[in-house]
Amino acid sequence: MSGTGSWALIEAAAGSLIAHADELTELDRPIGDGDHGINMKRGAEAVLAKADSLAALPLAELLHQSGMTLVMTVGGASGPLYGTLLLELGKALQGQADPPDRATLAAAFGQAVAAVKARGRSDIGQKTLLDVLVPLHQALAGHQPLATLGPLVLAAAEATTPMLATRGRASFLGERSIGHLDPGARSSALMVVTLLEALHQGPATVTP
Ligand code: ADP
Ligand code: MG
């Protein structure tokens, strides 16, 4: 997973966001401003455009540079939040084995999720991307087989549908936010499923 291996993972995640941009934008229409897919696509394309300078970097540095790119190019709440996730993940993995073992990855991911919570002043249960990232961290830190993580994150994203949004634009709608899947939860789940597939760690179905 080092060098070009890490870059292949970034390419896979970016490709998935670009392929699902319309779907993510549609999800953001009823409970946001209809730009989530556009935002994520812009960030993904900006990272891919840096292939020449990023592709050979070790994982920690690659995550750092990718996070910086998202913070700088993505407007909206999601850019700084995903940017923070990658920046903090890069920081936590600095000096660790590349690729990291599972325990190291789980601890680093926990640190990154904590940074997203601090940045968004948010936590699980508020109908955001944290409703996918927090359960994912719990599953990573526990001893859940990797093959179960794809279905887990897809279900976690679906579980935001009945939630009342209390953070982000969707919270402006109050009770009317109920009954819609959160776009950030969906983009998180899509990225995780794609990364798992890229790692060949068990099948996980991405619903169209
Ligand atoms: P914006 O809301 O600024 O238009 P996007 O549409 O790109 O930005 O992203 C919206 C997503 O960002 C939401 O679906 C939600 O998952 C996430 N989000 C928004 N605010 C927060 C927050 N404070 N904490 C965590 N996630 C948030
Ligand atoms: Mg939006």
Side-chain angles (χ1 to χ4, degrees), residues 10 13-48 66-89 109-140 149 152-195 206-207:
I10 295 277
S16 175
L17 291 172
I18 292 167
H20 289 87
D22 289 348
E23 178 200 340
L24 295 172
T25 284
E26 283 309 313
L27 289 173
D28 197 31
R29 243 184 255 291
I31 57 167
D33 54 356
D35 67 354
H36 188 58
I38 296 164
N39 288 340
M40 299 306 290
K41 186 172 177 225
R42 183 181 301 123
E45 286 176 344
V47 172
L48 292 178
S66 301
M68 288 294 286
T69 304
L70 293 188
V71 170
M72 288 187 301
T73 58
V74 182
S78 57
L81 292 167
Y82 278 126
T84 297
L85 185 78
L86 297 190
L87 284 169
E88 198 68 25
L89 203 49
F109 192 67
Q111 194 175 316
V113 171
V116 174
K117 289 182 184 179
R119 176 90 199 206
R121 291 200 267 322
S122 45
D123 209 332
I124 192 168
Q126 296 185 305
K127 198 180 181 91
T128 73
L129 40 82
L130 285 169
D131 291 307
V132 167
L133 300 182
V134 172
L136 174 61
H137 172 243
Q138 287 164 351
L140 266 180
L149 300 184
L152 181 142
V153 293
L154 290 171
E158 294 290 333
T160 62
T161 300
M163 289 183 186
L164 174 75
T166 55
R167 281 293 180 278
R169 280 179 199 280
S171 67
F172 305 155
L173 294 177
E175 301 272 322
R176 281 181 296 131
S177 67
I178 294 172
H180 301 279
L181 201 155
D182 178 64
R186 177 68 177 158
S187 60
S188 289
L190 283 171
M191 276 188 274
V192 172
V193 166
T194 303
L195 289 172
V206 185
T207 52

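Every number for a ligand or one of its atoms is a count from 1 in the order of the listing. Along the sequence shown, residues carry numbers from 1.
Ligand-side atoms of ligand 1 in range of G76: 3 (O), 8 (O), range being under 4.0 angstrom from any heavy atom. Close contacts between ligand 1 and D28 involve ligand atoms 6 (O) [criterion: under 4.0 Å to a heavy atom]. Close contacts of ligand 1 with L81, meaning ligand atoms under 4.0 Å from a residue heavy atom, involve 18 (N), 21 (C), 22 (C), 24 (N), 25 (C), 26 (N), 27 (C). Less than 4.0 angstrom separates some heavy atom of D35 from each of these atoms of ligand 1: 4 (O), 5 (P), 6 (O).
Atom 3 (O) of ligand 1 has its closest protein heavy atom at A77 N, 2.8 Å. Summary of contacts: the protein heavy atom closest to atom 23 (N) of ligand 1 is G120 O, 2.9 Å. Closest to atom 24 (N) of ligand 1, if we only count protein heavy atoms, is S122 OG, 2.6 Å. G168 CA, 3.4 Å is the protein heavy atom nearest to atom 20 (N) of ligand 1. Remark: minimum distance from atom 13 (C) of ligand 1 to any protein heavy atom is reached at D182 OD1, 3.5 Å. Among protein heavy atoms, the minimum distance from atom 10 (C) of ligand 1 is reached at H36 ND1, 4.0 Å. Taking atom 7 (O) of ligand 1 as the reference point, the nearest protein heavy-atom neighbour is S78 OG, 2.6 Å. Scanning the protein for heavy atoms near atom 1 (P) of ligand 1, the closest one is R169 NE, 3.5 Å.
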I'd like a table of donor-acceptor pairs (distance under 3.5 Å, sequence neighbours excluded) in which one partner is a side-chain atom from residues 71-78, with atom names and distances.
residue	atom	partner	partner atom	Å
T73	OG1	T69	O	2.7

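Considering backbone and side-chain N/O of R167, none are found under 3.5 Å from N/O of ligand 1. Below 3.5 Å of separation, one finds an N or O of D33 facing an N or O of ligand 1. Between G184 and ligand 1, an N or O atom pair is found at a separation short of 3.5 Å.
Considering every non-hydrogen atom in both T166 and S171, the closest pair reads C-CB, 3.5 Å.
Contact annotation for T128 and ligand 1: heavy atoms of both the backbone and the side chain come within less than 4.0 Å of the ligand.
Around the Mg ion (ligand 2), the protein contributes the following N, O or S atoms at distances under 2.8 Å: D28 OD2, D33 OD1, D35 OD1.
Surrounding CG of D33 are more than 12 heavy atoms belonging to other residues, nucleotides or ligands, all under 6.0 Å away.
Taking a 4.0 Å cut-off on heavy atoms, G32 fails to register as neighbouring ligand 1.
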message = Checking R186 against L154 for the side chain to side chain contact (heavy atoms under 4.5 Å, CB included) test, could you report, in this order, the C-alpha distance in whole Å, the side-chain angles of both residues, the deciding distance, and whether it holds?
response = CA-CA 8 Å; R186 177 68 177 158; L154 290 171; 3.6 Å; yes
